[in-house]
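Written below as structure tokens is the structure these notes are about.
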Number of protein chains: 4
Amino acid sequence: MTMSTSSTDPARATEPKRERGRLRVAAIMTAGVEVFTEKGYDAATMTEIAARSGTAIGSLYRFFPTKEALADALLLQYAQQVKNGLTELKQQVPGMTLERVADAFVDMMLLLRSQRSFAIALMDARGGSADERKRFRKVMRGGVADILCEAIPALPAAKAKVMSVVLIHMLKAVVGIADEESSVRAALLAEMRQLVRMYLVSAAPQSGE
Amino acid sequence: MTMSTSSTDPARATEPKRERGRLRVAAIMTAGVEVFTEKGYDAATMTEIAARSGTAIGSLYRFFPTKEALADALLLQYAQQVKNGLTELKQQVPGMTLERVADAFVDMMLLLRSQRSFAIALMDARGGSADERKRFRKVMRGGVADILCEAIPALPAAKAKVMSVVLIHMLKAVVGIADEESSVRAALLAEMRQLVRMYLVSAAPQSGE
Amino acid sequence: MTMSTSSTDPARATEPKRERGRLRVAAIMTAGVEVFTEKGYDAATMTEIAARSGTAIGSLYRFFPTKEALADALLLQYAQQVKNGLTELKQQVPGMTLERVADAFVDMMLLLRSQRSFAIALMDARGGSADERKRFRKVMRGGVADILCEAIPALPAAKAKVMSVVLIHMLKAVVGIADEESSVRAALLAEMRQLVRMYLVSAAPQSGE
Amino acid sequence: MTMSTSSTDPARATEPKRERGRLRVAAIMTAGVEVFTEKGYDAATMTEIAARSGTAIGSLYRFFPTKEALADALLLQYAQQVKNGLTELKQQVPGMTLERVADAFVDMMLLLRSQRSFAIALMDARGGSADERKRFRKVMRGGVADILCEAIPALPAAKAKVMSVVLIHMLKAVVGIADEESSVRAALLAEMRQLVRMYLVSAAPQSGE
DNA sequence: TATGAATGAGGGTTCATTCAT
DNA sequence: CATGAATGAACCCTCATTCAT
């Protein structure tokens, strides 16, 4: 269905050719993340995103021809960050114990937390196109599965895939827990950390009975 | 159009009027769960809920004077079901192994799945009043913590509380996983089941370090 | 106001039924005056009028098939009261000075004040049919003009008609003034009284220069 | 559809945009006065005001974010006109007889008649915010009292205040009378004029007892 | 190209009125 | 007849999107 060449991606609008445009787009995306996070996809308004980014509404629409397009772009950006995080993590895996790998997953989530809240908002609230959401999931799962394989060499690919899904759900829980009242947050995070470690360790050949 | 049993049934005189109301409310709530689940709180429209339940918009507003009121009622209904489920589970705990308790948690979630998806949508997307959401969380956590204490007598109350939060997040994941493509669903569910079992067992004195 | 004995009288059978209807209608009209006065024609709701009069909404509609019909009936009732007041006043005029007649007009207005506020609300806010409003005006003007002729025998009919319109507007002002803050109300009412007296006296042959 | 003078007129460059806005607002306010006058505050609909002024409903709401806001603006506009009229009148008072002052009041009212009818509608029918109504009353009373003091130097301030309220009510009557059938209107107005004159004269030291 | 005024479909909600019971 | 649940047109208002400047 999609047209051939990559430059006319329906999700993204005109490529920012000039420096000014790039800055503008960056400002818009920042504002977009903010507003979507605060209000959720539906309650967020293009007008507010424009205002917060100091952009005229017309200009915003030049770069992102649709609210959905903006959401998609934001999701894509987040996906990229996750991808980068996963790639980086993957390279560090060789010298790490499984426990450290588990912690690294959790830390990565916490690092991306602010963005992640918004991503959840968009994913769960049907913001952005279903396609984009699917693509995002795929990238995420693939990356995590890769790391798992790296960390647990004996892990069959199929098992890695299954584990990645479960693991990602647990990492989602990490974000949710990080939003809890601060009085119990520390204890909850520690518990989650422990659980994630346990999960990974349990999958390693020598420990699984 | 449906004036069947009322006059023929000698047992009840004025019942039909109220019975119809009950049916109407039930239809509305069912449709509400559907639409809220599909669209999320904001994107769901009262008009569609009315149409899907075969109710005139005015009638819908007679029963639920506000969109928020409807969401609250739905949340409350779900809370009730969860409460019942937890109460029942609690009574069965005494004779169960920890593994079976874990499975019971998962099974309960799967039983409530359709409703649960919607509950998640409402909880995460500021549907309904904040109060109602808070209350729901409290009930859920309390109930789960109770069961944990019952299942693991040596468990300190504080630890039970922490665990309940984590456990609930995992059960949330169960629902998410149950919504996956059927090709992998079975494997994923098995994995989640295993993880939940492991989590509970790890908290029992003899197996925890 | 209530006609007591009829319901206790065992002699007639058809009467009670009608009696009940009369009471119902009276209750509705009382509630109608209240609600229309408090909320104005548009903001008043048939449902509230029904509720306040302890009537089922369906019954209310049996007696007054339309909101407008109810308003008309209320207006008519008020017109009747005014008519009665004017008739009574007319009979007392012979032995009164012009100043006393003027005061009598003002007093009558103050007596009907509660109802009058509502009548103004209906008249000015287009409540009721235009016809009914017109009829009401005619009755009022005719009655006032009659009294003027009685009080000032030499007054030409045409002049009496003109004066009646002006006088009625002044009496309207009396009601408006009676709704002012109590701190100045007394002084304002005294001033208005004085003005009305002056107006009437000025029309009498010997005093008009 | 009407893009006539803007490009041909060499005097202004960016003016048209703002000019158009001004015109739009003026059109809306005119339509607002019309509709509020015809229907009263509650029965008037924003949709009709928009239609009558040739404005899209959305545009109307850009200028007046609320029905109440529009009513307030209209009231304010009228208050401004009254204020100007009163200021002007005050400056002319020194060289005028009391009778001429009275006539001037009446003439001013007749000049503002069309707007005045609507103002009455809004004031009496809880249109606009209570604050705005109160403010309007204050301005009006203060201005009238000022003029009275100017016209009747010996008048005590307290008496002027009382008189202003009464006088304003009479001027309200002037408007009401101006809306009568034309067949009697002239005579009625003459009578009202006479009454207002008499009222003012009666307050002057030499003629008041 | 950038701008923001203009557009109008659509959303939540109310209430006069009807009609099955 | 009385009742009150049911109906749906109409209201106020919002906001994604367009287009003249």
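Bear in mind that the values here come from a model prediction, so they are computed numbers and not experimental data. Numbers restart at 1 for each chain; the letters A, B, ... are given by sequence-line order, proteins then strands.
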Note to self: Any base atoms under 4.0 Å from C:Ala69, or only sugar-phosphate, or nothing? Heavy atoms, all strands.
What the structure shows: nothing
Checklist line | B:Thr45 side-chain N/O to B:Glu48 backbone N/O, donor-acceptor pair under 3.5 Å | finding: yes
Check: Just how far, in rounded Å, is C1' of F:dC12 from CE of B:Met46?
Finding: 17 Å
Check: So which nucleotide from E:dA16, E:dA6, F:dA16 ends up closest to the side chain of C:Thr45?
Finding: E:dA16
Notebook entry, point to check: So what does A:Ala44 hit on the nucleic acid, given a heavy-atom distance under 4.0 Å: a base, only sugar-phosphate, or nothing?
Noted result: sugar-phosphate
Notebook entry, point to check: Rounding to a whole Å, what distance do you find between C:Phe64:CZ and E:dC15:P?
Noted result: 21 Å
Item checked: Heavy-atom closest contact (D:Phe36 atom, D:Leu74 atom, distance) -> CD1-CD2, 3.6 Å
Next item on the list: Check C:Phe64 against C:Met46 and note the closest heavy-atom contact, atom names and distance.
Entry: O-CE, 4.4 Å
Item checked: Length of the CG-C1' vector between A:Leu23 and E:dA2, whole Å -> 16 Å
Next item on the list: Quickly work out the D:Tyr41 OH to F:dC12 C1' distance and round it to whole Å.
Entry: 10 Å
Margin query: Could you tell me how far apart C:Glu48 (CD) and E:dT17 (P) are, to the nearest whole angstrom?
Written below: 16 Å
Notebook entry, point to check: What integer distance in Å separates C:Leu60:CG from E:dC15:C1'?
Noted result: 13 Å
Notebook entry, point to check: Over how many whole Å does the gap from C:Asp42 atom CG to E:dT14 atom C1' extend?
Noted result: 13 Å
Check: Among E:dT17, E:dT13, F:dA6, which nucleotide sits nearest the side chain of C:Lys67?
Finding: E:dT17
Next item on the list: Check every atom of E:dA6, E:dG4, F:dT18 against the side chain of A:Tyr61 and return the nucleotide holding the closest atom.
Entry: F:dT18
Item checked: Residue closer to the 5' end of DNA chain F, B:Ile57 versus A:Ile57 (nearest nucleotide) -> B:Ile57
Margin query: Counting only Watson-Crick pairs (N1-N3 plus N6-O4 or O6-N4) and G-U wobbles (N1-O2, O6-N3), all under 3.5 Å, who is the partner of F:dT14?
Written below: E:dA9
Check: Of the candidate nucleotides E:dT17, E:dT3, E:dT7, which contains the atom at the shortest distance from the side chain of A:Ser59?
Finding: E:dT3
Check: With a 4.0 Å cut-off on heavy atoms, is C:Phe63 in touch with a base, just the backbone sugar-phosphate, or nothing at all?
Finding: nothing
Item checked: No-H, no-angle donor-acceptor pair, A:Arg62 side chain to E:dA2 base, under 3.5 Å -> yes
Notebook entry, point to check: Between A:Ile49 and A:Ser53, which heavy-atom pair has the shortest distance, and what is it?
Noted result: O-OG, 2.9 Å
Checklist line | 5′-ward residue of the pair A:Gly58/C:Arg24 relative to DNA chain F | finding: C:Arg24
Next item on the list: Among E:dT13, F:dT7, F:dT3, find the nucleotide with the atom closest to the side chain of B:Ala56.
Entry: F:dT7
Check: Quick one: CZ on C:Arg135 to CG on C:Leu75, what's the gap to the nearest 0.5 Å?
Finding: 9.5 Å
Next item on the list: Would you mind telling me which residue lines up with the more 5' stretch of DNA chain E, C:Thr47 or B:Thr47, judged by nearest nucleotide?
Entry: B:Thr47
Next item on the list: Could you tell me which nucleotide pairs with F:dT21 by Watson-Crick or G-U wobble geometry, both distances under 3.5 Å, or answer none if nothing does?
Entry: E:dA2
Checklist line | Inter-residue atom distance C:Leu60.CG - C:Ile28.CD1, 0.5 Å rounding | finding: 4.5 Å
Note to self: Can you measure A:Ile28 atom CD1 to E:dA2 atom P for me and round it to whole angstrom units?
What the structure shows: 10 Å
